[in-house]
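All values reported here derive from a predicted model rather than from experimental measurement. We count ligands from 1, going down the list as the structure has it; atoms in each ligand are counted the same way.
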Amino acid sequence: MTAAEAEGDERAVEAALRPRSLDEVVGQARVRDQLGLVLEAARMRGRSPDHVLLSGPPGLGKTTLAMIIAHEMTAPLRLTSGPAITHAGDLAAILSGMNEGEVLFVDEIHRMSRPAEEMLYMAMEDFRVDVVIGKGPGATAIPLEIPPFTLVGATTRAGLLPGPLRDRFGFTAHLEYYEPHELDRIVHRSAGLLGVELRPDGSSEIASRSRGTPRIANRLLRRVRDFAQVRADGVVTLDVARAALDLYEVDELGLDRLDRAVLDALCRRFGGGPVGVSTLAVAVGEERETVEEVAEPFLVRNGFLARTPRGRIATRAAWHHLGLAAPAAVADTALFDD
Ligand SMILES: Nc1ncnc2c1ncn2[C@@H]1O[C@H](COP(=O)(O)OP(=O)(O)OP(=O)(O)O)[C@@H](O)[C@H]1O
Ligand SMILES: [Mg+2]
């Protein structure tokens, strides 16, 4: 199997594990309740639901919820993403092809170009866009009606969305990291779908190392399953889960190789900081975005790293976790928590 095939395979498994209806969604009780109400009310009125913004760190269920919204409304779903819309014309082409009641999912909506964003404001509010034909003094704007639709936007960075765009969403759901008992249920559910035999303590071991993230829980489950099949009798017990996760360098707290590399660079190379996130990213050989959106939220949440106006600093817990003695000046996390 080539790397591309393997990745395609992973994506297919991920799709197979996605809950299809709100009832199947584990955790996020508040979001589920609120969204359920929005959808139910829209169904009663026979109208498209209000535009929905889903925000939160990667892997918590934004794409899943977008698909569920369409499914619950028995509406077709169109998928696109901010980076794919480089010109306003790209968006005009999508919008002009929409049918009444359709759900348009724009992933990474914070990465849309400015002109497209402005066109979207109008489309969201008035279900109309102005398509500009030609350039310079001869340019004319042709108004184009769009049938009522529901925009579902997803972003890992709600803070980056301009106010006017944020305000045009009738409902905003912020997804939170999952509790270990919720991840435990997700692991059980996925094991059932994948036909993996799982002991309760094996499952909770996977859940507790999954950084509060369903996608990671599902990925770790698959790696543990590999290990169980090849090195054991196929059953995921506590010992099997532990041995497999150690092999894949996921530690007891769920820190993976990137998380540890970030902390390691921060402490060993930069004396605990403060250091800018770009510098830190270069030091670990990763994109700034990856460090900022994948590693940092988890490290901040667990009190290993703090964001300060002057840069990132390692907390006492970070030094400890690496087995290093913290310099006397290292402050307690609480002072810097943001
Ligand atoms: N509440 C949930 N219950 C059960 N499984 C879930 C839940 N949320 C997410 N998952 C699982 O986690 C996987 C990742 O979810 P999803 O793709 O929706 O995340 P995302 O927020 O869109 O991430 P990204 O920001 O990277 O696009 C899905 O395949 C799904 O199986
Ligand atoms: Mg997604």
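- Ranking the protein heavy atoms by distance from atom 29 (O) of ligand 1 puts Glu14 CG, 2.8 Å first.
- Of all atoms in ligand 1, numbered sequentially from 1 with element shown, those under 4.0 Å from a heavy atom of Pro58 are 23 (O), 24 (P), 25 (O), 26 (O).
- The protein atom (non-hydrogen) at minimum distance from atom 25 (O) of ligand 1 is Lys62 NZ, 2.8 Å.
- Considering backbone and side-chain atoms together, Pro57 places no N or O closer than 3.5 Å to any N or O of ligand 1.
- When non-hydrogen atoms are compared, ligand 1 lies under 4.0 Å from the side chain of Ile186 (C-beta onward) but not from its backbone.
- Closest to atom 19 (O) of ligand 1, if we only count protein heavy atoms, is Gly61 N, 3.2 Å.
- Geometrically, ligand 1 and Arg18 share a nitrogen or oxygen pair separated by less than 3.5 Å.
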Go through the steps to decide whether Asp264 and Arg260 satisfy the test salt bridge (Lys or Arg N to Asp or Glu O under 4.0 Å), and finish with yes or no. CA-CA 6 Å; Asp264 205 71; Arg260 279 194 305 271; over 6 Å; no
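- Contact of the Asp107 side chain with the Leu79 side chain is not registered, since no non-hydrogen atoms from C-beta on lie closer than 4.5 Å.
- For ligand 1, the atoms sitting less than 4.0 Å from at least one non-hydrogen atom of Leu17 are 31 (O), numbered in the order shown with element in parentheses.
- Look at Asp33 and Arg30 and you find no salt bridge, because none of the NZ, NE, NH1 or NH2 atoms lies under 4.0 Å from a carboxylate O.
- Residue contact annotation: Gly27 has no non-hydrogen atom under 4.0 Å from ligand 1.
- Closest approach of Ala66 and Phe105 over heavy atoms only: CB-CD1, 3.4 Å.
- For ligand 1, the polar-atom distance check against Thr63 finds a nitrogen or oxygen pair separated by under 3.5 Å.
- If you number the atoms of ligand 1 from 1 as listed, the ones under 4.0 Å from a heavy atom of Tyr178 come out as 1 (N), 2 (C), 7 (C), 8 (N).
- A salt bridge is defined here as a Lys NZ or Arg NE, NH1 or NH2 lying under 4.0 Å from an Asp or Glu carboxylate O, and Arg288 with Glu286 fails to meet this definition.
- Of all the heavy atoms of Pro19, the ones lying under 4.0 Å from any atom of ligand 1 belong exclusively to the side chain.
- Side-chain contact between Pro49 and Met73 is present, with at least one heavy-atom pair separated by less than 4.5 Å.
- Considering only non-hydrogen protein atoms, atom 10 (N) of ligand 1 sits nearest to Pro214 CB, 3.5 Å.
- Here the heavy atom of the protein found nearest to atom 18 (O) of ligand 1 is Thr64 OG1, 2.5 Å.
- Between Phe298 and Phe304, the distance from one ring center to the other does not fall under 6.0 angstrom.
- The distance criterion of under 3.5 Å between nitrogen or oxygen atoms is met by Val26 with respect to ligand 1.
- Distances between N or O atoms of Gly59 and those of ligand 1 include at least one value under 3.5 Å.
- Within the coordination shell of the Mg ion (ligand 2), defined by N, O or S atoms under 2.8 Å, Thr63 is present.
- Looking at Arg307 and Glu296, a side-chain N of the basic residue comes within less than 4.0 Å of a carboxylate O on the acidic one, giving a salt bridge.
- The residues Glu182 and Arg185 are annotated as not salt-bridged, no charged nitrogen and carboxylate oxygen being separated by less than 4.0 angstrom.
- For ligand 1, one of its N or O atoms has an N or O atom of Arg215 under 3.5 Å away.
- Asp246 has a carboxylate O that lies under 4.0 Å from a charged side-chain N of Arg209, or vice versa, which qualifies the two as a salt bridge.
- In this structure, the side chain of Thr279 does not engage the main chain of Val275 through any donor-acceptor pair within 3.5 Å.
- Neither the backbone nor the side chain of Leu175 has any atom closer than 4.0 Å to an atom of ligand 1 (non-hydrogen atoms only).
- Applying the 4.0 Å criterion to heavy atoms of Val25 picks out, from ligand 1, the atoms 1 (N).
- At least one donor-acceptor pair under 3.5 Å links the side chain of Asp90 to the backbone N or O of Thr86.
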